[in-house]
Amino acid sequence: MQYRCGKVNRMKNTRNVTDGVVWIGANDRRISLFENMFPLDRGVSYNSYLILDEKTAVMDTADTAVTGQFLENVQGTLDGRPLDYLVVNHMEPDHCANIETLLRLYPEAKVVGNAKTFQMIGQFYDMDLMGRTVTVKEGDVLDLGSHKLQFVFAPMVHWPEVMMAYDQTEKILFSADAFGSFGALDTLFNDEQDGAFADLAEMRRYFSNIVGKYGPQVQAVLKKAAGLDIQLICPLHGQVWRSGFGELLEKHDCWSRYEAEEKAVVIFYGSMYGHTAEAAELLASMLAEAGVAGVKVYDVSRTHVSYLISEIFRCSNLVLAAPTYNNGLYGPMLNLLEDMKALNLQNRKVSIIENGTWAPQAGKIMAEMISSLKGMELVGEKVTVKSALKGEQREALLRLCGEIAESLK
């Protein structure tokens with residue numbers, strides 16, 4: 001068995017993005033939690049790219065989980081050529097973990113980044129970069145030969161040091177974490193899937209939970225992107241985009257303005273013994289009978305909050321149904337509302353159902369938390385269930401159903 005750099009030798013697994021640009025990333029299908037927090041049913045990809053020109057450049061590295069494959073891809077693609085530059089667009093550890101290893105392998109390579117990049121490198125690593133750094137500013141261009149990389153800063157999308165690199169020759173945007181998605185890559189390009197937007201749900205969940213808080217910053221980046229002639233988008237997670245740019249930009253514009261992607265109703269309920277769940281399910285049936293299509297119902301105790309947040313980014317109308325607990329709000333529902341606030345959720349229509357055997361407080365708390373968010377509109381009167389559903393609550397739910405249906409028009 002052969003060894004290279006202390007790692008078992010692997011087979012190179014790369015794909016050409018263009019004749020001069022190679023994808024050298026890797027998939028991690030074993031990982032179950034992104035950032036040790038967000039469930040990954042289909043793993044995740046760590047994308048890196050290598051530009052082969054008069055000068056060579058690696059565009060970001062990868063996570064430690066795929067170090068062996070990443071290094072094999074770099075060395076196999078260079079095939080004995082030196083590495084001239086390592087461009088660091090983003091310093092999050094799932095993309096910067098192999099900086100030190102790569103620089104040891106290629107001691108002549110220079111690191112390209114901005115002032116904040118090098119500050120963070122100093123925080124993550126103890127290594128001497130004297131004479132090995134190229135500090136760039138907004139609009140600067142790195143000349144690789146035929147490829148000219150123009151740097152487009154994207155602060156707080158979603159870290160302060162983030163920048164993107166635009167290849168002026170091949171019109172490729174190396175977009176860092178922007179336009180990314182959860183999910184390992186079965187195929188590299190978006191148009192190799194069953195539909196250009198086959199991964200839309202996981203792209204939305206990625207955006208809403210990872211980048212969603214920074215809508216104004218995303219808007220600024222979209223304005224910069226509008227001034228570039230883009231033929232390919234190469235993010236650090238998810239598929240490479242070579243078609244469907246109009247819809248891709250439209251989705252991100254919608255999400256970053258906190259506008260609903262669809263006129264649709266989603267019902268979130270928390271229920272200890274089933275009575276609040278019964279009210280939520282009954283309202284869903286009433287809405288369907290009233291002609292409201294595509295109503296979705298989620299138990300907040302069983303569905304990870306990242307999926308709930310993604311649905312909030314999709315839907316115009318939310319129904320929150322929860323019991324009082326310890327004279328406060330049922331924990332899983334409280335967690336959802338706090339996450340909504342943390343992610344700067346705005347511009348939704350919200351209806352409330354509460355339950356309480358004595359001293360019900362849930363509805364009041366939910367209404368106050370919703371009212372603290374921008375652009376939120378309460379639809380219909382709060383429905384109060386005291387322990388179990390009775391005839392009067394059925395009538396109240398019918399009225400609420402009518403008001404929700406009317407608000408969708």
Would you please say whether a donor-acceptor pair under 3.5 Å links the side chains of Asn317 and Ser407? yes
Within this structure, what is the CE-CG distance for the pair Met369 and Leu336, rounded to the nearest 0.5 Å? 9.0 Å
Under 3.5 Å, is there a donor-acceptor pair between the His158 and Gln217 side chains? no
Would you say Lys171 has more than 12 foreign heavy atoms packed within less than 6.0 Å of its NZ? yes
Taking atom types as modelled, is there a side-chain donor on Asp60 or Ser48 under 3.5 Å from an acceptor on the other? no
Is it the case that the ring center of His237 lies less than 6.0 angstrom away from the ring center of Phe182? no
Aromatic rings His90 and Trp159: how do their planes relate, parallel, tilted or perpendicular, breaks at 30° and 60°? perpendicular
Verdict with supporting geometry, Lys390 and Glu395, salt bridge (Lys or Arg N to Asp or Glu O under 4.0 Å): CA-CA 9 Å; Lys390 303 293 183 182; Glu395 292 303 314; over 6 Å; no
For Arg132, all residues meeting side-chain hydrogen bond (donor to acceptor under 3.5 Å, both in side chains), sequence neighbours excluded: none
Hey, could you give me the CE/NZ distance between Met203 and Lys251, rounded to the nearest 0.5 Å? 10.5 Å
Whether Glu338 and Lys341 form a salt bridge (side-chain N of Lys/Arg under 4.0 Å from carboxylate O of Asp/Glu) is what I want to check. no
Between Pro235 and Ser175, which heavy-atom pair has the shortest distance, and what is it? CA-OG, 3.3 Å
Could you check whether any side-chain heavy atom of Val221 comes within less than 4.5 Å of a side-chain heavy atom of Met164, counting everything from C-beta outward? yes
Could you go through the side-chain hydrogen bond (donor to acceptor under 3.5 Å, both in side chains) check for Asn114 and Thr117 one step at a time? CA-CA 5 Å; Asn114 58 61; Thr117 306; 3.1 Å; yes
Test side-chain hydrogen bond (donor to acceptor under 3.5 Å, both in side chains) on Thr187 and Gln193; report intermediate values, then the result. CA-CA 7 Å; Thr187 59; Gln193 305 177 95; 4.9 Å; no
Salt bridge check: are Glu392 and Lys386 linked by an N-O gap of less than 4.0 Å? no
Does any non-hydrogen side-chain atom of Leu232 lie less than 4.5 Å from one of Trp241? no
Atom CG of Asp229: over 12 foreign heavy atoms under 6.0 Å: yes
Could you go through the side-chain hydrogen bond (donor to acceptor under 3.5 Å, both in side chains) check for Ser306 and Arg205 one step at a time? CA-CA 7 Å; Ser306 66; Arg205 188 164 72 96; 3.0 Å; yes
Taking the six-membered ring where the residue is Trp, are the ring centres of Tyr269 and Tyr298 under 6.0 Å apart? no
More than 12 foreign heavy atoms under 6.0 Å from NZ of Lys224: is that the case here? yes
Assess whether side-chain hydrogen bond (donor to acceptor under 3.5 Å, both in side chains) is satisfied between Tyr330 and Thr276, documenting all intermediate values. CA-CA 11 Å; Tyr330 188 61; Thr276 311; over 6 Å; no
Report the C-alpha distance between Asp177 and Asn89 in whole Å, list the side-chain angles of each, state the deciding distance to 0.1 Å, and finish with yes or no for side-chain contact (heavy atoms from CB on, under 4.5 Å). CA-CA 9 Å; Asp177 269 350; Asn89 287 320; over 6 Å; no
Does Tyr166 reach the side chain of Leu149, with side-chain heavy atoms less than 4.5 Å apart? no
Nearest atoms (heavy-atom pairs only) where Thr64 meets Ala97: CG2-CB, 3.6 Å
Using a cut-off of 6.0 Å, state whether more than 12 heavy atoms not belonging to Arg15 lie near its atom CZ. yes
Examine Trp255 together with Phe313 and report whether their ring centres are nearer than 6.0 Å. no
Using a cut-off of 6.0 Å, state whether more than 12 heavy atoms not belonging to Tyr273 lie near its atom OH. no
Charged N to carboxylate O below 4.0 Å: is that the case for Asp53 and Lys148? no
When rounded to the nearest 0.5 Å, the distance separating SG of Cys254 from CZ of Arg204 is 9.5 Å
Looking only at non-hydrogen atoms, find the nearest pair between Glu170 and Gln231 and report the distance. O-CB, 4.2 Å
Run Ile210 and Phe38 through side-chain contact (heavy atoms from CB on, under 4.5 Å) and show every step you take. CA-CA 10 Å; Ile210 306 301; Phe38 303 106; 3.4 Å; yes
Side-chain heavy-atom pair Met333, Leu320 within 4.5 angstrom cut-off: yes
Quick one: NZ on Lys55 to CG on Asp84, what's the gap to the nearest 0.5 Å? 4.5 Å
Are side-chain heavy atoms of Thr324 and Leu329 found at a separation under 4.5 Å? no
Please check if atom CZ in Arg394 has more than 12 non-hydrogen atoms from other residues, nucleotides or ligands closer than 6.0 Å. no
Under 4.0 Å between a side-chain nitrogen and a carboxylate oxygen: does that hold for Arg399 and Glu381? no
Under the ring-ring contact (aromatic ring centres under 6.0 Å, His included) criterion, do Phe70 and Tyr46 qualify, and how do the steps go? CA-CA 9 Å; Phe70 168 72; Tyr46 301 110; over 10 Å; no
State whether Arg242 and Asp191 are salt-bridged, where the test is any N-O pair (Lys NZ or Arg NE/NH1/NH2 against Asp/Glu carboxylate O) under 4.0 Å. yes
Contact summary for Ser310 and Ser208, nearest pair of heavy atoms: CA-OG, 3.5 Å
Side chains of Phe118 and Thr133: closer than 4.5 Å at any heavy-atom pair? yes
For a side-chain contact (heavy atoms from CB on, under 4.5 Å) check, start with the C-alpha distance between Leu283 and Ile404, then their side-chain angles and the critical distance, and finish with the verdict. CA-CA 10 Å; Leu283 177 61; Ile404 293 171; 4.3 Å; yes
Side chain to side chain, Met340 and Leu318, heavy atoms closer than 4.5 Å: yes
Which heavy atom in Asn73 sits nearest to a heavy atom in Ile24, and how many Å separate them? ND2-O, 3.2 Å
Could you tell me the separation between the CG atom of Leu103 and the NZ atom of Lys110, rounded to the nearest 0.5 Å? 12.5 Å
Tell me, with the steps shown, if Leu400 and Ile353 meet side-chain contact (heavy atoms from CB on, under 4.5 Å). CA-CA 10 Å; Leu400 182 59; Ile353 302 170; 4.2 Å; yes
Check this for me: does any side-chain nitrogen of one of Arg257 and Asp253 sit under 4.0 Å from a carboxylate oxygen of the other? yes
Identify whether the distance between the nearest side-chain nitrogen and carboxylate oxygen of Glu202 and Arg42 falls below 4.0 Å. no
What distance do Tyr125 atom OH and Cys96 atom SG have between them, rounded to the nearest 0.5 Å? 4.5 Å
If a pair satisfies salt bridge (charged side-chain N to carboxylate O under 4.0 Å, His left out) and one of its residues is in residues 297-325, list it, with sequence neighbours excluded. Glu262-Arg314, Glu311-Arg314
If you take all heavy atoms of Val157 and Val218, which pair is closest and at what distance? CG2-N, 4.0 Å
Within-4.5 Å side-chain heavy-atom neighbours: Val58 and Tyr49: no
